[in-house]
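Notes for the one structure printed next.
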Amino acid sequence: MQHFISVHDVTDIDALVQEGLRHKQSPFAFEHLGKHKTIGLLFFNQSLRTRLSTQRAAQNLGMNTMALNVGQDSWGLELEEGVVMDGNNAEHVKEAAAVMGKYCDILAVRAFAGLQDREKDYAETVMTQFKKYAGVPIVNLESATRHPLQSLADCITIEEYKTTARPKVVLTWAPHFKALPQAVANSFCEWMNRRDVEFVVTHPEGYELSPNYVGNAKVIYNQDEAFAGADFIYAKNWSSYQNYGQVLTRDASWMITKQKMELTNNGKFMHCLPVRRNMKVTDEVLDSEQSIVIEQAGNRVWSAQAVLKRILEELG
Ligand SMILES: CCC[C@H](NC(C)=O)C(=O)O
Ligand SMILES: NC(=O)OP(=O)(O)O
């Protein structure tokens, strides 16, 4: 594996999921692999899980880690090509990416969607630039349209907790008061469409995800109907793709409650976190035995470790 930017960089998802579970069993089995290697983590946006889990995974593999918050620790980065740089950004991504590639053996980048220009966001401009200019493997820590380390951790979690060979997995939209990216939902669809699950997506009309990501998933506008018999409920808010970046509704009836979870097959509740309690899901559900969000977050270490190990093996 050279880069880990999307599911398309993975040839065998099953093998990668199993590898993540093996790292969980023996976290230090490959601690020699990353000796004298450094990973740089670059954040254009906040993070708790991604920042800490990716550093922990790298350290488990014997790597050194460096983290940088763009615009706070480093200079503001200009991402537009061919512009006169007379604004607030003191450095162009061309130089910054190339220089970080001199310091780091692997570069991991978080850059959320701007939610202003759909064409630019869905062109994955930032990831493309780092891949083009850094000269080292790039790992996606959540980009404009995807969050593959989260999705791999989600696959690992479902593999651990499923009680049937082909579980029913439901991605449900949940209300939020401000516009959030489609990246986590897009990515979850891409990965679930490649897993042996009965995959259903449910959301209010107007929140249809891009066809390139939702693929052939079954889309049901009635949340209660979608929840029937589900083994896993994966909640996430996202802003409209059609009316790009817009919040079309904050309909609280889409919040996940105990009553809704009772429609499932004693289903497990999942969320990538951070989650706004009593807006997306009630305390009652989040604090119940059905919630596996903490174990899901814990699996972010094994997701990152499986990916970094593959990249280190390629580096030699
Ligand atoms: C892991 C989730 C990151 C981000 N969440 C927020 C609150 O911005 C999102 O919705 O994409
Ligand atoms: N789920 C996730 O990526 O969390 P952070 O945004 O805290 O990294």
Side-chain angles (χ1 to χ4, degrees), residues 4-6 20 39 41-58 65 67-70 72 108-116 118 121-122 124 126-127 139-158 171-191 201 203 207 209-210 213 234-241 244-248 250 254-256 269-281 286 291-308:
F4 185 72
I5 293 175
S6 83
I39 183 170
L41 299 103
L42 189 68
F43 290 90
F44 286 78
N45 308 91
Q46 305 101 308
S47 169
L48 185 154
R49 278 145 292 273
T50 304
R51 181 188 297 261
L52 296 181
S53 62
T54 309
Q55 287 189 86
R56 176 62 195 269
T65 68
L68 204 62
N69 301 309
V70 175
Q72 289 136 283
V109 182
R110 165 168 283 197
F112 288 171
L115 295 179
Q116 301 298 317
R118 186 170 89 175
D121 281 345
Y122 275 70
E124 284 287 15
V126 177
M127 281 296 138
V139 173
N140 182 347
L141 298 181
E142 184 176 341
S143 63
T145 69
R146 293 182 169 104
H147 194 353
L149 283 176
Q150 180 64 55
S151 301
L152 175 54
D154 299 334
C155 290
I156 290 169
T157 307
I158 290 169
L171 167 65
T172 179
W173 180 91
H176 194 76
F177 65 95
K178 67 173 186 169
L180 294 181
Q182 297 96 34
V184 169
N186 284 346
S187 215
F188 191 66
C189 288
E190 282 192 314
W191 290 68
V201 179
H203 55 67
Y207 281 101
L209 293 164
S210 160
Y213 295 83
Y234 192 97
K236 184 69 182 78
N237 172 268
W238 63 87
S239 56
S240 176
Y241 169 75
Y244 194 61
Q246 298 302 306
V247 175
L248 307 179
R250 293 177 178 79
W254 280 79
M255 177 170 67
I256 288 83
F269 177 81
M270 297 176 73
H271 189 284
C272 63
L273 303 181
V275 70
R276 291 200 181 236
R277 284 174 168 256
N278 308 310
M279 176 179 285
K280 296 185 182 172
V281 57
L286 213 46
S291 171
I292 57 173
V293 299
I294 303 303
E295 294 81 358
Q296 179 185 357
N299 284 336
R300 287 294 305 275
V301 174
W302 319 120
S303 163
Q305 198 162 325
V307 167
L308 293 180

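Both ligands and their constituent atoms are indexed starting at 1 by order of listing.
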Reported OH-to-OG distance for the pair Y234 and S151, which is rounded to 0.5 angstrom:
6.0 Å
Nearest to atom 5 (N) of ligand 1, what protein heavy atom do you find, and at what distance?
L180 CD2, 4.5 Å
At a 4.0 Å cut-off, with the gap strictly under it, does some heavy atom of L273 reach an atom of ligand 1?
yes
Run the side chain to side chain donor-acceptor pair (under 3.5 Å) check on Y241 and N186 step by step: do they pass?
CA-CA 11 Å; Y241 169 75; N186 284 346; over 6 Å; no
Before signing off on this row, confirm whether R51 and ligand 2 have an N or O atom pair separated by under 3.5 Å.
no
How are the rings of F269 and H271 set relative to one another: parallel (under 30°), tilted (30 to 60°) or perpendicular (over 60°)?
parallel
How close does the nearest protein non-hydrogen atom get to atom 3 (C) of ligand 1, and which residue and atom is it?
E142 OE1, 3.3 Å
Using a 4.0 Å heavy-atom threshold (strictly under), name the region of Q296 that reaches ligand 2: side chain, backbone, both or neither.
neither
Spacing of OG belonging to S143 relative to CD1 belonging to I5, to within rounding of 0.5 Å
8.0 Å
Any donor-acceptor N or O pair under 3.5 Å, side chains S239, Q182
yes
What I want to check is whether the side chains of N299 and E295 have a donor and an acceptor closer together than 3.5 Å.
no
Quick one: look up the protein heavy atom nearest atom 4 (O) of ligand 2 and list residue, atom name and how far away it is.
R49 NE, 2.9 Å
Does CZ belonging to R51 count more than 12 external heavy atoms closer than 6.0 Å?
yes
Starting from atom 7 (O) of ligand 2, what is the nearest protein heavy atom, named by residue and atom, and what distance separates them?
L48 N, 2.7 Å
Against heavy atoms of P181, which atoms of ligand 1 measure under 4.0 Å?
9 (C), 10 (O), 11 (O)
Can an N or O of S47 be found at a distance shorter than 3.5 Å from an N or O of ligand 2?
yes
Taking a cutoff of less than 4.0 Å between a non-hydrogen atom of the residue and any ligand atom, is A183 in contact with ligand 1?
no
If you scan protein heavy atoms around atom 6 (O) of ligand 2, the nearest is R110 NH1, 2.8 Å
Rounded to the nearest 0.5 Å, what's the gap from OH on Y244 to CG on D121? Could you check?
3.5 Å
Nearest neighbour in protein (non-hydrogen) for atom 2 (C) of ligand 2
R300 NH1, 3.3 Å
Find all atoms of ligand 2 within a distance of less than 4.0 Å from any non-hydrogen atom belonging to L273, and give their numbers and elements.
1 (N), 2 (C), 4 (O)
Which of the numbered atoms in ligand 2 are below 4.0 angstrom from a heavy atom of H147?
2 (C), 3 (O)
For F112 and ligand 1, answer yes if some heavy atom of the residue is under 4.0 Å from a ligand atom, otherwise no.
yes
For atom 10 (O) of ligand 1, which protein heavy atom lies nearest, and how many Å away is it?
K236 NZ, 2.6 Å
Specify side chain, backbone, both or neither for E142, according to which of its non-hydrogen atoms lie closer than 4.0 Å to ligand 2.
neither
State whether a side-chain donor-acceptor pair under 3.5 Å links S210 with Y122.
no
Roughly how far apart are I292 CD1 and T157 OG1, rounded to 0.5 Å?
6.0 Å
Any chance you could measure L171, atom CG, to M270, atom CE, to the nearest 0.5 Å?
11.0 Å
Please work out whether any backbone atom (N, CA, C, O) or any side-chain heavy atom from C-beta onward of L149 is under 4.0 Å from ligand 2, and answer side chain, backbone, both or neither.
neither
Does an N or O from P274, backbone or side chain, lie closer than 3.5 Å to an N or O of ligand 2?
no
R110 side-chain N/O to N45 backbone N/O, donor-acceptor pair under 3.5 Å
no
